[in-house]
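Fair warning: this is a prediction, and the values are worked out from it, not measured in the lab. Order of appearance sets the numbers: ligands from 1, and atoms from 1 within every ligand. Numbering starts at 1 and runs along the sequence shown.
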Amino acid sequence: MTEAEAGGGGDHPGTTTTNTANGAAHMANSANSAGTTDATGAANTTGTAGTAGAAGTAPRERADALLSALRGRLVVSCQAPPGDPLRDPAHMAAMAASVAAGAPVAGVRVQGVDDIRAVREVVGLPMIGLWKDGAEGVYITPTARHALAVARAGAEIVAVDATERPRPDGRPLRETVEAVHAAGALLMADVSTAEEGRTAAALGADLISTTLSGYTPYSRQGPGPDLELVGELAGTVDVPVFAEGRLHTPEQARAAIDAGAWGVVVGGAITAPAAIASRFAAALP
Ligand SMILES: CC(=O)N[C@H](C=O)[C@@H](O)[C@H](O)[C@H](O)COP(=O)(O)O
């Protein structure tokens, strides 16, 4: 990924950043041609992406259609940790295609520009994209440059770290929000506390996710999902709130929806065979 590939550009749609219960007004006709998956085509599980069935509709309508397709439903995160033999774009594309073909999932969450491109080739579902750069501090899509690369690789929704921790380039989160919107994508703010969620929503984030609860030293620590945070956020911000992180069972996913989540994102419990096998092995005498 070069700076030229990742850097600015794109037509700013010039939309406002007013948040509404139904989401964003920023979903422009993207400069990223690969990222124009038909957001209304939730039933379209596999096949060539980018059919852009909603192309030509207003940005706001496209954003609302995308968010509606995710409401009350499951997004599967297809990510492999560094060093895992599955950490390969072709493997993640096969994983995502398998899940999409065999289960009524609403979307996928995919890490890294190469994986996003590979998954985009074979899965037509809405995609939350991110770019993990590093492993300490702010590493989930840490700068506007990373965010633009993710949008241009084909993700309709760009997930970024929206915690209060210092960002590696020292730039404000607001710049990333503006860059993502200029690229015609929506921004998902990965947060660890309710205050961070409220701040992100005020900055124009289109969706909030509880992804980082338990991953900042000042947030709730625990083995399971932070449903309390889901409920608090759902009651105070006017954008969709996603439950994500440590959802291990279908019952927890349902409880998250009951707590007010717009949708749920599940990763390791579905797409991390080593972690799943370890739990089984640990239960044996
Ligand atoms: C903290 C962090 O880096 N979370 C990452 C965000 O994309 C992923 O490693 C998680 O797998 C994802 O959030 C889904 O969570 P879980 O795998 O617990 O269902």
Only one of Arg62, Arg120, Arg109 passes salt bridge (charged side-chain N to carboxylate O under 4.0 Å, His left out) with Glu156, and that residue is Arg120
Heavy-atom closest pair (Val237 atom, Gly197 atom, distance to 0.1 Å) is CG1-O, 4.0 Å
Here the atoms of ligand 1 under 4.0 Å from any heavy atom belonging to Gly267 are 14 (C), 16 (P), 17 (O), 19 (O)
Exercise for the section: Mark the output for Arg109 as yes if a heavy-atom distance to ligand 1 is under 4.0 Å, and as no if none is. Expected result: yes
**Study point:** Nearest protein heavy atom under 4.0 Å from atom 8 (C) of ligand 1, yes or no
**Key:** yes
Side chain to side chain donor-acceptor pair (under 3.5 Å) test vs His146 passes for just one of Asp133, Thr141, Asp161, namely Asp133
For Gly245, the ligand 1 atoms with a heavy-atom partner under 4.0 Å come out as 15 (O), 18 (O)
Note: ligand 1 atoms sitting under 4.0 Å from heavy atoms of Leu130 are 7 (O)
key: Within 6.0 angstrom of Gln221 CD, more than 12 heavy atoms from elsewhere   = yes
Per-atom filter on ligand 1: closer than 4.0 angstrom to a heavy atom of Lys132 are 3 (O), 5 (C), 8 (C), 9 (O)
query: So with a 6.0 Å cut-off around CZ of Arg254, is the heavy-atom count from everything else above 12?
result: no
Under a heavy-atom criterion of less than 4.0 Å, does Gln111 contact ligand 1?
-> no
One finds that the ligand 1 atoms under 4.0 Å from a non-hydrogen atom of Tyr139 are 1 (C), 2 (C), 3 (O)
Ligand 1 atoms nearer than 4.0 angstrom to some heavy atom of Gly268 are 16 (P), 17 (O), 19 (O)
For Tyr215, the ligand 1 atoms with a heavy-atom partner under 4.0 Å come out as 1 (C)
query = Under 6.0 Å from the CZ atom of Arg279, do we count more than 12 heavy atoms belonging to anything else shown?
reply = yes
Next on the checklist: Within the 3.5 Å criterion, strictly below it, is a donor on Ser77 or Gln79 matched to an acceptor on the partner's side chain?
Outcome noted: yes
A student checking ligand 1 against Thr211 at a 4.0 Å heavy-atom cut-off should list atoms 4 (N), 6 (C), 13 (O)
If you scan protein heavy atoms around atom 11 (O) of ligand 1, the nearest is Ser77 OG, 4.3 Å
Nearest non-hydrogen protein atom to atom 18 (O) of ligand 1, with distance, is Arg246 N, 2.8 Å
Among non-hydrogen protein atoms, atom 12 (C) of ligand 1 lies closest to Glu244 OE2, 3.2 Å
- Hphob cluster co-occupancy, Met95 + Val105, side-chain heavy atoms under 4.5 angstrom: no
| Lys NZ or Arg CZ of Arg165 over Tyr218 ring: under 6.0 Å, within 45° | no
